[in-house]
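This report refers to the structure that appears directly beneath it.
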Amino acid sequence: MRTRLLIAVLALIALALPASASAAQKTETATGGAVKAVLTYNQGSELFDVTGTHLTITRSGATALDTNVPEPCPGCGIMPAGAGGGTAKSLQVADLDGDGEPEVLLDIFTGGAHCCVDTWIYRFNGTSYTGTPVQWGDVGYTLKDLDGDGVPELRSFDDRFAYVFTAYAGTWFPPQIWQFRAGKLNNVTRNYPKLVKADAKRALRTYRRRSKNADTRAVVAGYVADEYLLGHGATGWKLVRSALKHHRLNGFGRGDAWPRNQRYVTALRKFLRKNGYS
């Protein structure tokens, strides 16, 4: 019995060896000023086979945070962006609020065809670091100083439009600009009218170029949202009335899963009100 048990244990160990041998520990590092962030994780042979994601943050050589990275949302997984290969990086260190104290941004991909990019933003609280989870959906974000004040904004798009008025591939995502202040992200998109106006022009140009039989519901929705951000809601609804009159809100016809024609108008009005546009 003991011999059989020993053989069984050895067999289990042998089966586990290839998986262990194929796992490789990866390290990513980012620095900014006196702040240094080090991310380590074990990556197996499969793309999403990532374990042991661990983050260490030091200030002037002293450890201020040493922790296993938790999920940013229940059941969403922890795959560092850099584990996907290519030039993607998981870590950034940047002063997001202009107070001279850099924040650490850890980007995570949860997997899936259209989802999701999440970010942990770690802010120094005087003794350690407090993490703020952010869900970007499929659109992600970029850091860019849009107003030239030396402090970067987080430029993204409104992922709430996905699948609402048509299939994902045809969705129009209006721009979103965020600022990180006092440990919280604030939507400041209305402070950047030039950027919004450019998006509205692209949406209107796309609408006009599409054939009369093409699905234009998502483009119209994005255009109306942009016009509300610019304070010109009435201009947006003028296009809706024209599109309705010329039968350009019919989608794919009967059997279409998304609201069409007058139902589309009602759904759009409700959606924009619910999400703070109107």
Side-chain angles (χ1 to χ4, degrees), residues 28-39 53-67 69-70 72-73 78 80-82 87-109 116-160 173-200 225-226 228-231 275-277:
E28 295 186 49
T29 304
T31 60
V35 176
K36 179 179 181 181
V38 178
L39 181 72
T53 307
H54 191 90
L55 178 66
T56 303
I57 303 176
T58 58
R59 296 176 72 255
S60 301
T63 300
L65 182 71
D66 188 17
T67 184
V69 178
C73 55
I78 313 169
T87 60
K89 296 181 180 180
S90 307
L91 289 174
Q92 298 182 81
V93 178
D95 185 358
L96 300 180
D97 49 16
D99 64 352
E101 180 67 47
E103 280 70 43
V104 175
L105 297 90
L106 169 58
D107 294 333
I108 298 170
F109 180 59
C116 287
V117 178
D118 298 330
T119 301
W120 277 107
I121 302 179
Y122 290 92
R123 174 175 179 260
F124 188 62
N125 59 21
T127 56
S128 183
Y129 280 82
T130 302
T132 300
V134 184
Q135 283 78 51
W136 303 106
D138 190 54
V139 297
Y141 76 100
T142 55
L143 279 184
K144 188 173 183 179
D145 182 6
L146 297 173
D147 51 16
D149 65 351
V151 180
E153 282 71 39
L154 295 93
R155 179 174 180 174
S156 187
F157 301 88
D158 195 341
D159 189 66
R160 294 173 297 184
F173 298 97
Q176 279 191 336
I177 310 301
W178 300 86
Q179 287 180 344
F180 188 75
R181 298 290 185 272
K184 181 181 178 181
L185 278 179
N186 302 298
N187 190 331
V188 294
T189 310
R190 285 181 166 87
N191 295 345
Y192 297 86
K194 289 184 179 180
L195 190 151
V196 177
K197 188 175 181 180
D199 190 73
D226 285 340
Y228 267 115
L229 291 174
L230 294 169
N275 290 289
Y277 282 91

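What you see is a predicted model; the values in this text were computed from it and never measured.
- At least one donor-acceptor pair under 3.5 Å links the side chain of Ser90 to the backbone N or O of Gly82.
- Remark: the backbone N or O of Gly100 is paired with a side-chain donor or acceptor of Asp95 at under 3.5 angstrom.
- Closest of all the heavy-atom pairs between Arg190 and Tyr277 is NH2-O, 3.1 Å.
- Counting all heavy atoms, side chain and backbone alike, Asp226 lies closest to Pro174 at OD1-CB, 3.7 Å.
- A donor-acceptor contact shorter than 3.5 Å links the side chain of Glu103 to the backbone of Leu96.
- Atom CG of residue Leu105 and atom NZ of residue Lys89 lie 13.5 Å apart, to the nearest 0.5 angstrom.
- Between Ala88 and Ala81, the shortest heavy-atom contact is CB-O, 3.6 Å.
- Of the possible donor and acceptor atoms, one in the side chain of Asn187 sits under 3.5 Å from a partner among the backbone N and O of Thr189.
- Using a 4.5 Å cut-off on side-chain heavy atoms (C-beta onward), Val38 and Lys36 make contact.
- With rounding to the nearest 0.5 Å, the separation of CD1 in Ile177 from CG in Leu154 is 9.0 Å.
- Taking the side chain as every heavy atom from C-beta outward, Trp120 and Pro70 approach each other to under 4.5 Å.
- Ring pair Trp178/Trp136 is perpendicular by interplanar angle, where above 60° counts as perpendicular and below 30° as parallel.
- Side-chain atoms of Glu153 come within 3.5 Å of backbone atoms of Leu146 as a donor-acceptor pair (strictly under, hydrogens ignored).
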Pair Gln92-Leu143, side chain to side chain contact (heavy atoms under 4.5 Å, CB included): steps then yes or no
CA-CA 9 Å; Gln92 298 182 81; Leu143 279 184; 3.5 Å; yes
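- Panel note: side chain Thr63, backbone Thr58; no donor-acceptor pair is recorded below 3.5 Å.
- Remark: side-chain polar atoms of Asp97 are not paired, donor with acceptor, to backbone N or O of Phe180 under 3.5 angstrom.
- Contact between Pro193 and Leu230 at its shortest, heavy atoms only, is O-CD2, 3.5 Å.
- Here the closest non-hydrogen pair linking Asp145 and Gly150 is OD2-N, 2.7 Å.
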Kindly indicate, with the supporting measurements, whether the criterion side chain to side chain contact (heavy atoms under 4.5 Å, CB included) is fulfilled by Val134 and Leu185.
CA-CA 9 Å; Val134 184; Leu185 278 179; 3.5 Å; yes
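- Phe109 approaches Cys116 most closely through the heavy-atom pair CD1-O, 3.2 Å.
- Using modelled atom types and a 3.5 Å distance limit, the side chains of Asp107 and Thr119 yield a donor-acceptor pair.
- Using a 3.5 Å distance cut-off with no hydrogens or angles, the side chains of Arg160 and Asn275 do pair a donor with an acceptor.
- You'll find the side chain of Thr29 stays beyond 4.5 Å of the side chain of Leu91, heavy atoms only.
- None of Asp199, Val139, Asp158 except one satisfies the side chain to side chain contact (heavy atoms under 4.5 Å, CB included) rule with Phe173; the exception is Val139.
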The test is side chain to side chain contact (heavy atoms under 4.5 Å, CB included); show your working for Val104 and Ile121 and say whether it passes.
CA-CA 6 Å; Val104 175; Ile121 302 179; over 6 Å; no
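- Contact check on Arg123 versus Glu101 returns no salt bridge, with no Lys/Arg side-chain nitrogen under 4.0 Å from an Asp/Glu carboxylate oxygen.
- Expressed to the nearest 0.5 Å, how far CD of Gln135 lies from CG of Asp118 amounts to 4.5 Å.
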